[in-house]
Amino acid sequence: MKKFNLKPSPSSLRQIFALTETLNPSQKEAVLHLGSPLLIIAGAGSGKTKTLVHRVAKLVLDGISPERILLLTFTRKAANEMTKRATTLLDDRCRGIQGGTFHAFAQSILKVHAPKLGFSTQFTIADRGDSEDILSLIRKNLGLNKLDKRFPQKKALSAIIGKVRNTASSISAILNKDYPQFSVYEREIETIMIQYAIQKKTMNVMDYDDLLLLLLDLLKTNEETAKFYQQKFKHILVDEYQDTNSIQASIVQYLAGLNPNITVVGDDCQSIYSFRGANFKNIISFPDLFLNTKIIKLEENYRTIQPILNLTNAVIGQAREKYDKSLFSSKNVGEKPAYIETKSENEQSQFVCQKILELRENGTDLNEIAVLVRSGWQSNDLEIELKSHNIPFVKYGGFKFVETAHVKDVVAYLKIAFNPLDQLSWRRVLSLIDGIGPKTITTIIGEINKNLHDPSSALKLFSKKKFYKELTALIYLILSPNNHERTAEAWMTIVMEFYRPIFQLQYDDYTKRKNDLDSLEAISSRFPTLEKFLTDLSLDPPNSSQTESLPESQDDEKITISTIHSAKGLEWTCVFILSLIDGYLPSFQSLGDIHQIEEERRLLYVALTRAKDYLFLMKPHLDSPKGGYYAYQGMQFSKLSRFLDRDDYKDSLMERWSLTSEDDDPFDDSATNANTCESEGIPFEQQQSRANSQSNASVSRTIHKPSLGKKKYFF
DNA sequence: TATAGCCGATTTTTT
DNA sequence: ATCGGCTATA
C-alpha cells in the first residue's frame with residue numbers, strides 16, 4: 001500500500017543531492033544513514049548542527065511527515081534555531097517538526113496523561129525555588145530544625161534529593177560521597193523525600209525532575225501509551241547527548257522501542273552538566289543500548305582557526321580520562337590566543353570595553369563578540385563598565401528575573417488562579433496581607449480547601465479580623481467562576497491591580513522593581529492562555545538583564561555576555577573569557593573532587609572552542625573579590641587557572657599588553673589604582689607597562705607572579 | 001500571633 | 001547578599 005512512498009521521486013533525489021552538496025563525506029554519511037541507530041560523535045565546531053539540520057530536512061524530503069519526527073535538544077533556543085534552519089534549507093514543512101527540551105516535551109505528554117499518574121491536567125511546575133520552599137516547610141513541620149547537630153537547609157536538601165533522583169542512587173551513597181557531614185540524617189532525609197512526593201501530589205505540582213521521572217514512569221508502566229508514542233515518532237533525534245542523564249537515556253529508549261531510527265549527537269569532551277546527573281559515559285555506552293549502532297565521527301573543525309585550536313587541543317589533551325579526539329582546522333592563518341593580566345577586576349572590564357570599541361572601529365559586528373564567565377555574577381563589574389561606555393549587551397545565564405521576590409509574588413497569584421491546589425503559592429500571597437502570618441495561613445488554607453467552589457462559609461470565620469476585607473477580595477478575585485476564559489494578559493492586569501498597593505508598601509525600592517513587572521506584563525501578552533504563560537516561565541525563564549540593558553543605539557547590535565554553560569553550542573568571531581583564576585575556573589567548590597575538576601576542564605574547553613578568530617584570556621589580580629561568597633570567605637584568588645598555567649603552553653599563547661586608545665584612556669583613574677597597588681605590594685613593573693601602553697605600543701610585559709593562591713582572611 | 005531585627009551559616013553551572 | 005532561627009515587642 002505504501003510502496004510508492006518508499007522510493008523517492010527523481011526530483012526529490014535531485015533535491016537530496018543538492019542538500020548534501022555542501023557537506024563533507026562524514027557529514028553526508030550521517031545525513032543519509034538509514035536503517036539502524038546512529039551515533040554521531042561531533043567535535044566542537046564540526047558542523048554538528050548543520051548535519052542535524054540537513055538530516056532532518058532530508059527525512060522530510062523522504063516523505064516522513066514532520067510531526068512524526070522528534071528532535072530533542074538542550075534548550076528551546078536550539079530547537080527553534082534548528083527548525084528555522086531546516087525551514088530555510090527546505091521549506092515550511094519543517095516547521096511541523098516536534099521538538100524542544102526533554103522537560104518541555106515531557107510536560108506536553110504529561111499534560112495529556114497526568115490523571116494516569118495521580119495528577120490532574122491542571123498541574124503546574126515547581127521551579128527550584130518552589131521545591132526548596134516545599135522542602136523547607138516539611139523540614140519545619142517535622143521539627144527537624146531543632147536538632148543538636150545541624151540539619152541540611154533547604155538548598156542542600158534540594159541538592160541531595162535531586163542528585164538521588166537523577167542518578168538513581170541511594171540516599172546513603174549520595175550522602176557518603178558528597179555530603180558526609182549529613183550522613184547521620186539518612187533516615188530523616190528519606191522521610192522528607194516521601195513527604196515531598198506526597199505534598200507535590202496534593203498540591204498538583206511537579207518539579208523538574210518529576211517531569212522526566214513521571215514521563216519515564218508513564219512509558220514504563222503504561223504499555224498502551226508507550227506504544228502510541230513509539231508508533232507516532234518514526235524518527236527520534238537527540239542533540240547534546242553527552243549531557244543527558246540516565247533517566248533521559250531511558251526515556252529515549254522507551255520512546256524508540258524497537259524502532260531503529262534513532263540518532264544521537266554529542267561530544268564527550270563537552271559534557272558539563274554532571275551536577276544535574278548527566279553522565280558523559282551515556283554517549284560512550286549508547287551502542288550497548290542500541291543494537292547495530294552506526295558510529296560516525298566528525299573531527300574537522302570549521303569554526304576555529306588552527307592557532308586557537310592548538311591551545312584547545314592541548315587543554316583537553318591534559319584531561320585525565322583521555323579523549324580520542326584532536327580537532328584540526330583548515331583555517332591556518334590568524335592570531336594566537338591573547339593572554340592578558342590586569343591588576344584588578346575593573347581593569348579587566350576596562351580592557352574588554354576598550355577592545356570591543358576597537359573591534360567595532362575595525363568593522364566587527366557587536367553580535368560577533370561574546371564575553372564568557374564561569375558564573376553569572378562574575379560579569380557584574382563589566383556590565384557597569386559596558387553601560388558607562390554605552391556598549392549594548394544581552395546576558396544569558398545567571399540570575400533569572402523570575403527568581404526575584406516581586407516577580408515571584410505576581411507569579412504566585414497567577415499560579416493559584418490556574419491551579420488553586422497550589423498551597424505554596426497560596427502561602428505566598430496570603431502572607432502579603434497585613435496581619436496574616438504562618439499560623440493564620442494554615443487555618444485559612446485548611447478552611448478554603450473544604451470547599452473550593454464556595455469559599456463564603458470559610459470566609460465567615462474570619463469576618464471579625466482586620467484582614468477580612470482584603471482576604472475576601474483576594475479569594476473572590478482568584479476563585480471567580482469565569483477565570484479560565486481570561487487570557488494571560490488579562491490575568492496580569494487583574495492581579496497587578498490587586499498587588500500594586502501591596503507591592504509599593506512591601507518594597508521601598510519599588511520604582512526599580514517596577515521594571516521587572518512591566519516586562520512580565522509585556523511577556524504575558526505573547527501567550528494565549530495562562531497555562532502556556534506559566535509553563536513557559538518555568539521551562540524557559542527569561543533573563544533579567546535582557547530588558548534592562550538597552551542604551552541609546554537603536555540598531556540591535558549587541559555583544560553577548562554569557563555563562564559558559566549557556567554558551568554551549570554557540571559561536572562568535574571574538575571571545576573574551578574573564579577571570580581565568582584558579583578557584584574561579586576550576587571553581588573552588590570543585591577542588592575536592594577529581595571528577596569535578598575534570599568537568600571544569602571540559603568547561604574551559606567548551607569556552608575556548610566558542611571562538612572563531614579571536615580569543616582573549618583574561619586574568620585579573622583580585623585582592624578583594626567582589627562575589628558575595630568569596631567576599632564573605634575573605635578568600636583571595638590570584639593564581640592563573642591550573643589548566644592554563646603550564647610552561648609548555650607558552651608557545652600557544654601570545655603574551656601581550658595592548659591598551660592603545662588615547663582619548664578614552666582606561667587608566668584615567670590610575671592615580672587611585674596605583675596607590676592601592678603599591679600599598680598592597682604589587683611590583684612596580686606594572687606601572688611601567690602602563691606607561692608603555694599609553695604610548696600606543698603593543699608591549700610584551702613582564703608577567704607579575706602574584707602571591708600564589710593563598711587564602712587571606714580578614715579581621 | 002505577627003513582625004522586626006539580630007546573628008550565624010551558606011551560595012556554581014540549568015531545565 | 002540571603003536564609004533560618006532566635007528574641008523582644010506589639
> CD of A:Q423 to CD1 of A:I134: how many Å apart, nearest 0.5 Å?
Replying inline: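 It is 9.5 Å, given to the nearest 0.5 Å.
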
> Can you list every salt bridge (charged side-chain N to carboxylate O under 4.0 Å, His left out) pair that touches residues 559-568 of chain A, not counting sequence neighbours?
Replying inline: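 Counting only pairs at least two positions apart or across chains, the salt bridge (charged side-chain N to carboxylate O under 4.0 Å, His left out) contacts touching residues 559-568 of chain A are A:E240-A:K568, A:D243-A:K568.
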
[X] side chain to [Y] main-chain N or O, any donor-acceptor pair under 3.5 Å?
X	Y	answer
A:S271	A:D267	no
A:S274	A:G277	no
A:R610	A:V606	yes

Between N or O atoms, less than 3.5 Å apart, protein on one side and nucleotides 3-5 of chain B on the other: list the pairs.
unit_1: B:dT3; atom_1: OP1; unit_2: A:G435; atom_2: N; d: 3.2
unit_1: B:dT3; atom_1: OP2; unit_2: A:I436; atom_2: O; d: 3.3

Atom pairs, N/O to N/O, protein against nucleotides 4-10 of chain C, distance under 3.5 Å?
unit_1: C:dG4; atom_1: O3'; unit_2: A:R139; atom_2: NH2; d: 3.4
unit_1: C:dG5; atom_1: OP1; unit_2: A:R139; atom_2: NH2; d: 2.3

Are [X] and [Y] ion-paired here, with the side-chain N under 4.0 Å from a carboxylate O?
X	Y	result
A:D207	A:R165	yes
A:E600	A:R374	yes
A:R642	A:D582	yes

> Sequence neighbours excluded, which residues qualify as salt bridge (charged side-chain N to carboxylate O under 4.0 Å, His left out) partners of A:D133?
Replying inline: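 Expected list: A:K154.
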
> Of all residues at least two apart in sequence or in a different chain, which pass the side-chain contact (heavy atoms from CB on, under 4.5 Å) check with A:T472?
Replying inline: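 Only A:L459, A:Y468, A:Y476 meet the side-chain contact (heavy atoms from CB on, under 4.5 Å) criterion with A:T472.
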
> Rounding to the closest angstrom, what is the interatomic distance between B:dT12 and C:dG4 at atom C1'?
Replying inline: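 22 Å, rounded to whole Å.
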
Report the distance from atom [atom1] of [X] to atom [atom2] of [N], rounded to the nearest whole Å.
X	N	atom1	atom2	result
A:K568	B:dT12	NZ	P	20 Å
A:L157	B:dA9	CG	P	18 Å
A:Q378	B:dT11	CD	P	17 Å

> Within the structure shown, what part of the strands sits under 4.0 Å from A:Q248 by heavy-atom distance: base, sugar-phosphate, or nothing?
Replying inline: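 Contact class for A:Q248: none.
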
Polar atoms only, N or O, under 3.5 Å: list the protein pairs with nucleotides 13-15 of chain B and their distances.
unit_1: B:dT13; atom_1: OP1; unit_2: A:G376; atom_2: N; d: 3.1
unit_1: B:dT13; atom_1: O4'; unit_2: A:R374; atom_2: NH2; d: 3.3
unit_1: B:dT13; atom_1: O2; unit_2: A:R374; atom_2: NH2; d: 2.5
unit_1: B:dT13; atom_1: O2; unit_2: A:H565; atom_2: NE2; d: 3.4
unit_1: B:dT14; atom_1: OP1; unit_2: A:T563; atom_2: OG1; d: 3.1
unit_1: B:dT14; atom_1: OP1; unit_2: A:S566; atom_2: OG; d: 3.0
unit_1: B:dT14; atom_1: O2; unit_2: A:R276; atom_2: NH1; d: 3.4
unit_1: B:dT14; atom_1: O4; unit_2: A:R128; atom_2: NH1; d: 3.1
unit_1: B:dT15; atom_1: O4'; unit_2: A:R276; atom_2: NH1; d: 3.4
unit_1: B:dT15; atom_1: O3'; unit_2: A:T101; atom_2: OG1; d: 3.4
unit_1: B:dT15; atom_1: O2; unit_2: A:H103; atom_2: NE2; d: 3.1

>> Centroid separation under 6.0 Å, is that true for the rings of A:F151 and A:F182?
In response: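 For A:F182 and A:F151, the ring centres are not under 6.0 Å apart.
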
